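What follows is one structure encoded as structure tokens, with my remarks underneath.
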Amino acid sequence: MSQETRTIRSIRNICTGIVSRIILLLLPFINRTIIIWFLGTEYLGLSSLFTSILSVLSLSELGIGFAVSYNMYGLIARKNHEGICSLLNFYRKFYIFVGTIILIFGISVTPFLHRFIKGNPPSDVYIYLLYIIYLVQTVSSFLVLGYKSILLSAHQRADIVNGIQTISLIGQQLTQVFVLIIARNFYIFALMYPIWTILNNIIISITTRKKYPLYVPKGKINREEGEKLKKQVSGLLADRVSVAIRNSTDNVIISSFFGLSVLAKYSNYYYIMYTGVYGTLLYLMQSIQASIGDSIVRETIEKNHGDFLKINFLFSWINVISTTCLFGLFQPFISLWAGKDNLLPNQVMFMFCIYCYCFNITTPINPYMDGNGLWDKVKEAVLFFAGFNVVMDIILGRSLGISGIILATIVSLVIPYVFFRVYFLYKYYFRSCKISLYYGQQALSLVAVLVSCLVVHIVLKQDIFVSNVIIMLLTKALLCVLISSVIFVIIFCRRREFKESLMFIYTHFYKKNLF
């Protein structure tokens with residue numbers, strides 16, 4: 001596939017991904033708001049707790065999906081239809097196996113649910129029945145045709161997946177809102193999750209069958225391919241285990257230590273940070289991930305390293321802006337949205353900003369680790385720090401509260417993901433390239449975000465004479481974007497990647513009239 005084709009497909013995926021992301025962000029936001037208004041924060045806490053528990057149980061899929069997708073890139077390039085069918089069949093069987101395992105372990109967790117909740121849950125909710133509904137939703141994503149989306153991803157058609165998922169989510173969210181407003185029944189609300197997950201998978205399956213009728217799940221992968229997958233999956237699975245533990249145990253521990261109401265407040269901040277900011281950057285990366293995988297197969301190491309630095313630079317720019325906006329807008333936005341009663345202390349807000357910045361640093365590294373099968377090099381480190389995170393969550397959570405839990409998570413994120421992964425990426429793939437170029441970018445990016453937050457803090461302390469609260473919030477948002485952008489440009493304007501990235505944007509977006 002030519003560079004031109006990869007670029008056009010990446011841009012198309014990015015555009016559809018952004019639209020999809022906006023919808024995926026706004027509708028759940030409305031949903032959460034209605035839960036708070038009509039039912040109360042404890043229901044939101046229950047939803048966050050069950051989602052976290054089941055995220056740990058479903059982590060076992062996340063390794064094989066990336067491995068199969070990247071192995072398909074080469075087969076698609078060589079038009080090896082038989083190999084693609086055998087990989088698809090392998091993935092289908094694995095999905096059935098994983099879904100069965102999740103069902104068994106999910107049911108086995110049921111008797112211990114009450115231990116994860118400090119105090120009493122809402123009196124009108126039978127938590128075991130509600131948990132089973134959430135379990136069915138998780139299992140159905142594996143057992144009902146969920147494997148078919150791998151073909152679209154491997155063919156760089158994330159735009160199709162984004163579109164179908166967006167339509168399904170709109171249907172799910174609208175029906176849930178209707179149920180909450182009319183019936184105020186949390187059971188029916190929860191039932192919409194498995195119903196729309198199944199519909200989403202069916203639509204993707206039909207679309208895939210029409211678009212790629214030659215590819216059906218049949219045949220077996222050969223021994224060499226099996227060994228290659230085993231090696232890739234072992235490392236990927238270790239990474240995804242650590243991610244699931246890090247992202248989910250925080251919620252379980254907060255619920256156990258502080259109760260559902262505090263968990264609901266925490267989940268509001270986490271939703272904005274993770275789903276809103278990090279999730280958007282991750283969506284952008286997933287939109288170009290297949291193109292990166294294709295480039296790794298076809299292009300030189302030097303060419304891919306140059307692309308890596310440009311991508312990292314652009315993501316750093318977005319990261320600085322988004323972190324600065326969080327720092328300046330978190331508290332006033334939460335106060336306006338959920339009320340002052342749902343605010344957490346400023347130190348917790350500040351820890352969330354650090355958490356978000358560190359999270360986003362890791363995003364551009366992932367596709368290059370995936371594409372080169374390097375996860376097995378860091379599996380011991382990520383597993384160690386996953387265990388470290390659980391232990392430190394408990395220790396620091398008891399002594400420092402929520403701030404301590406977030407601090408433990410930040411440490412377990414930065415050391416293995418920013419240092420170990422980058423080291424092995426340069427050691428085994430970017431061998432002839434200077435690692436100092438990457439860390440130089442990150443050092444300047446860190447300076448940019450610190451200076452931006454300091455300036456924003458000083459500026460926003462001044463009185464902004466706007467009577468309307470929403471207009472005031474938008475004014476502050478504009479100031480945050482402008483201040484952080486100007487500071488970032490001042491710091492990076494003399495660097496090579498700044499000029500190359502601007503030229504790339506001009507060439508592929510403006511000059512071709514793609515917008």
Side-chain angles (χ1 to χ4, degrees), residues 9 12-13 16-17 19-21 23-24 27 54 57-73 75-76 79-103 106 133-176 191-221 229 233 283 286-287 289-290 293:
R9 287 193 175 184
R12 179 182 59 204
N13 289 339
T16 58
V19 174
S20 176
R21 194 65 208 167
I23 297 173
L24 292 175
L27 287 179
L54 294 171
L57 292 176
S58 62
L59 56 85
S60 50
E61 182 276 337
L62 296 173
I64 192 71
F66 281 108
V68 170
S69 180
Y70 274 99
N71 277 278
M72 275 190 180
Y73 295 147
L75 297 175
I76 291 171
K79 297 183 179 180
N80 185 343
H81 300 309
E82 183 179 344
I84 295 171
C85 290
S86 63
L87 265 181
L88 186 63
N89 191 36
F90 172 82
Y91 196 47
R92 179 184 66 87
K93 292 179 179 178
F94 189 85
Y95 249 49
I96 294 173
F97 172 77
V98 169
T100 304
I101 294 298
I102 293 173
L103 180 61
I133 295 174
Y134 277 80
L135 176 61
V136 170
Q137 186 269 329
T138 302
V139 171
S140 64
S141 64
F142 291 92
L143 296 183
V144 185
L145 304 171
Y147 70 95
K148 286 292 188 73
S149 63
I150 197 76
L151 280 175
L152 293 169
S153 299
H155 282 85
Q156 302 185 57
R157 294 312 309 265
D159 58 314
I160 295 177
V161 178
N162 290 339
I164 294 173
Q165 289 179 341
T166 300
I167 293 172
S168 298
L169 184 71
I170 291 173
Q172 174 198 304
Q173 297 289 331
L174 290 179
T175 52
Q176 286 181 321
L191 276 172
M192 294 301 107
Y193 285 121
I195 290 173
W196 282 98
T197 296
I198 293 170
L199 287 174
N200 176 79
N201 289 349
I202 291 173
I203 295 171
I204 288 179
S205 176
I206 294 172
T207 304
T208 304
R209 187 168 63 247
K210 289 182 177 180
K211 194 165 187 62
Y212 307 109
L214 292 177
Y215 302 140
V216 293
K218 65 178 182 179
K220 294 183 179 180
I221 58 175
L229 272 172
V233 169
Y283 240 71
Q286 289 173 342
S287 298
Q289 186 164 317

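Throughout, numbering of the chain's residues begins at 1 and tracks the sequence. All of these numbers come straight from a predicted model, not from anything done at the bench. Side-chain atoms are counted along with the backbone in the values below, which use heavy atoms only and exclude waters and symmetry mates.
Ile164 contributes atom CD1, which lies 6.5 Å from atom OG1 of Thr208 (distance to the nearest 0.5 angstrom). From Tyr212, atom OH reaches atom OG1 of Thr207 across 10.5 Å, with rounding to the nearest 0.5 Å. Taking OG1 of Thr175 as the reference point, atom OH of Tyr193 lies at 10.0 Å (rounded to 0.5 Å).
Side-chain atoms of Ile133 and Gln137, non-hydrogen and from C-beta on, never get closer than 4.5 Å to each other. For the pair Thr197/Thr138, no side-chain contact is recorded, criterion being any heavy-atom separation below 4.5 Å from C-beta on.
Met192 approaches Gln176 most closely through the heavy-atom pair CB-CG, 3.5 Å. Residues Val139 and Ile102 come closest through the heavy atom pair CG2-CG2, 3.9 Å.
With sequence neighbours excluded, the residues forming a side chain to side chain donor-acceptor pair (under 3.5 Å) with Ser168 are Asn200, listed by chain and number.
Formation of a donor-acceptor pair under 3.5 Å by the Ser205 side chain with backbone atoms of Asn201 is not found in this model.
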